[in-house]
Structure formats: structure tokens, C-alpha cells
Amino acid sequence: MKETLKYLAGVAGASGFGSNSTAEQVTEDSTCLFPSQLTAIITGATSGIGAETARVLAKRGVRLVIPARDVKKAAEMKERVQKESPQAEIILLEMDLSSLASVKRFCSEFFSLGLPLNILINNAGKFSQKLEFSEDKVEMTFATNYLGHYFLTEILLEKMVETANQTGIEGRIVNVSSVIHSWVKRDGFRFSLLLNPLSYNGTCAYAQTKLANIFHVKEIARQLKARNARVTINAVHPGIVKTGIIREHKSFVTDSLFFLVSKLLKTTSQGASTTCYVALSQQINGVSGKYFADCNERNCSNLANDGSLGRKLWKQTHALIHRRL
């Protein structure tokens, strides 16, 4: 109850920010901290939290590389951002996260640009009500939210380590997860069933991918630490963000419920704040393998802290990808 009241009041945590902080507020002091222009890749940047993250990072002088399945939609986002920040450099490339071949093509195109890579934000997410499969014959939510981001990170990681060594600027990887990861029980997380479930529930599938995102963070953080690499990786929970909810039935009950629930929801800018904070803040230099919410470090579930299960998932995923390719 105490934590809920602090959330509703927007009480600032140790970082100086809280649930009401916006992406612009948490990055106000970042523009003078870096000796050269940063380059960031952001998935899922054509709408929602991803688009707001892109807008704010561009405003702070970060060069953006935006992979998108819908290039037309990405071009519209680019136009909006450059109206506000005419100096913004935004590069659009085609990529379908659910396709391993498409992820590989995107990375080849990115490498051909000869750019450094300081920040990777694995933001894109899919929630599917019905069971469907990717071209790689993997359940679509898992393929998009976890598998595609795993592969993207694997291919780009050496470029990030190289950039950090050359520039002296710490590289940052941000995985957008969710508090819903805590809904997953140990017996409900089996690799073969994540790929091809016997029965399908959209909410369960989504929660499992968000747990997998945290396992990925903790295992990659362990590997990077063992190498003494100047790249960190962390997970964030953006909060539940306001969307265009359509209420077909207007009554006292539905209006009252909507009013109560709306008090727990964030604006898009508040939802993007933790991602932007973890991507740019100097307060968390060297912090890796952690879980953040409301721009402050938080505890994730006990299951998400199981390092042996995280390593097992990493190995199984690595083997699967290289078999499929």
C-alpha cells in the first residue's frame, strides 16, 4: 500500500526521479556530458514509448538508427521528430524482428554504414491474442519480443564493445521488460513450450517473454563483466501507459472504473522516462544486470534472479538460432 501511494504521488526515489518524471526531465542534464555524438539503435520506435524515446534522444543530440518493418510509418515518425529537432540525424532501415534472416540483414546494412554504436534499446514488443508462428516456426510473441532481440544483441555486441574502447564512453543496452514478468511460475517456463505451446494464452506468452528479457540481461551482464567490457545492460519496466482506450458503453460504473484505473496509468513521456534514464544517465555508470522502474533500481522476481536458469535459456537460444540459420 505504501509503495502504491508513493507511485500515485510521484515521490522521487534515490535517483531524484519518480513515476511522474518525464523522458525530457530525466535527460535534461545529459547533453553536455558526452564528448562526441552518440549513436543509438531503437527497435519499435515508430509508435508509443519507442517513438517518444526516439524523439527525446534526438532532441538530446543522439544519432538514431531505426529498424522498422513498416518503413512508411518510420518515415512519418522521422518527419515528426525532425520538425521539432531539425538537426536530428535519423537513419531508417528495414527489419522484421520476428525473422532471424531479417535481423541479420539489418545488422549487415548497419555495419556497412561505418557508424559507431553506443546505445541499443530493445524496445519493440508484441502482444498476440491468438497463436501464430514466425517464418522460423517459432511462436510469434516469443520470436518478436525475445528471440529477435537476443539475436540483434548478439550480432551488435562486438561493435558496442569496440565503440566503447575507442571512445572511452560506456556502451548501454536497455531491454524493455515489464512487471508482468513476475506472473510467471517456474513450472510454466519451459523452452520447448515457449517455442511451440501446447495451449496458448496471450497474457502468459507475453509475460514469459518479459521474463526471458530479464534473463537475457542478467546473463549478458555476467559475460560482459567477465570480459571487463565497458558495456552495460539493464532491464526496465516502463509502467502501464495511457492509450486510446475506446469505451463503447458509457455508464456510471464504467466511467468510475476508468477514472480509478487512469490514476495508475502513465503518459507516454512518463512511460519512456526509465528507458531514457537508463540509456543516458551518468548516475548509473557501471551498473549492469539490474532491473529499473520509475527511474530507480527495483527488485525483480525471485525466478528472474535464477542465474542457472538464465544461463540455460541463453545456451538453448544460442543453439536454436544457429540451427535455424
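- Scored by the side chain to side chain contact (heavy atoms under 4.5 Å, CB included) test, Val176 finds Asn123, Val236, Pro238, Thr275 as partners (sequence neighbours excluded).
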_Using the rule given for side chain to side chain donor-acceptor pair (under 3.5 Å), can you reason through Asn305 versus Lys218, listing the C-alpha separation, both sets of side-chain angles and the distance that settles it, and then say yes or no?_
CA-CA 8 Å; Asn305 282 315; Lys218 291 185 175 292; 3.3 Å; yes

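- Atom-to-atom distance recorded for Ile90:CD1 and Leu64:CG is 5.0 Å, nearest 0.5 angstrom.
- Residue pairs meeting the ring-ring contact (aromatic ring centres under 6.0 Å, His included) criterion with at least one partner in residues 288-309, sequence neighbours excluded, are His181-Tyr291.
- By the side chain to side chain contact (heavy atoms under 4.5 Å, CB included) test, Lys72 is found to be paired with Asp70, Glu76, residues two or more places apart in sequence or in another chain being considered.
- For residues 221-230, the side-chain hydrogen bond (donor to acceptor under 3.5 Å, both in side chains) pairs, not counting sequence neighbours, are Glu158-Arg227, Glu219-Arg222, Glu219-Gln223.
- Rounding to the nearest 0.5 Å places CD of Glu84 at 13.5 Å from CD of Glu79.
- Residues meeting the side chain to side chain contact (heavy atoms under 4.5 Å, CB included) test with Asn165, sequence neighbours left out: Val161.
- Side-chain atoms of Asp96 do not come within 3.5 Å of backbone N or O of Ser102 as any donor-acceptor pair.
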*Under the side chain to side chain donor-acceptor pair (under 3.5 Å) rule, what do Glu135 and Ser99 come out as? Steps first, then yes or no, please.*
CA-CA 6 Å; Glu135 65 180 46; Ser99 163; 2.8 Å; yes

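- Residue pairs meeting the ring-ring contact (aromatic ring centres under 6.0 Å, His included) criterion with at least one member in residues 52-90: none, sequence neighbours excluded.
- Note on ring orientation: taking the six-membered ring where Trp is involved, the planes of Tyr146 and Phe142 are tilted (angle from 30° to 60°).
- Distance check, rounded to the nearest 0.5 Å: CG of Leu147 to OG1 of Thr141 gives 12.5 Å.
- Rounded to the nearest 0.5 angstrom, Asn234 CG and Ser177 OG are separated by 12.0 Å.
- Legend: salt bridge (Lys or Arg N to Asp or Glu O under 4.0 Å) pairs involving residues 175-198, not counting sequence neighbours, sorted by first then second residue: Arg186-Asp306.
- Partners of Glu24 under the side-chain hydrogen bond (donor to acceptor under 3.5 Å, both in side chains) rule, at least two apart in sequence or in another chain, are Arg55, Lys59.
- Within the structure, ring-ring contact (aromatic ring centres under 6.0 Å, His included) contacts touching residues 195-237 (residues at least two apart or in different chains) are Phe127-Tyr206, Tyr150-His216, Phe189-Phe215.
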*Report the C-alpha separation of Asn296 and Ser15 in whole Å, then their side-chain angles, then the decisive distance to 0.1 Å, and conclude whether the side chain to side chain donor-acceptor pair (under 3.5 Å) test is met.*
CA-CA 6 Å; Asn296 288 275; Ser15 67; 3.1 Å; yes

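- Residues satisfying the side-chain hydrogen bond (donor to acceptor under 3.5 Å, both in side chains) test with Lys290, not counting sequence neighbours, are none.
- Partners of Ser85 under the side-chain hydrogen bond (donor to acceptor under 3.5 Å, both in side chains) rule, at least two apart in sequence or in another chain, do not exist in this structure.
- For Leu113, the side chain to side chain contact (heavy atoms under 4.5 Å, CB included) criterion is met by Ile91, Leu93, Phe110, Leu115, not counting sequence neighbours.
- Crowding of Glu94 atom CD: a count of heavy atoms from other residues, nucleotides or ligands under 6.0 Å not exceeding 12.
- One distance of note links CZ of Arg172 with OG of Ser281; it measures 6.5 Å at 0.5 Å rounding.
- One N or O on the side chain of Thr43 and one on the backbone of Ala124 form a donor-acceptor pair closer than 3.5 Å.
- To the nearest 0.5 angstrom, Asp136 atom CG is 6.5 Å from Arg324 atom CZ.
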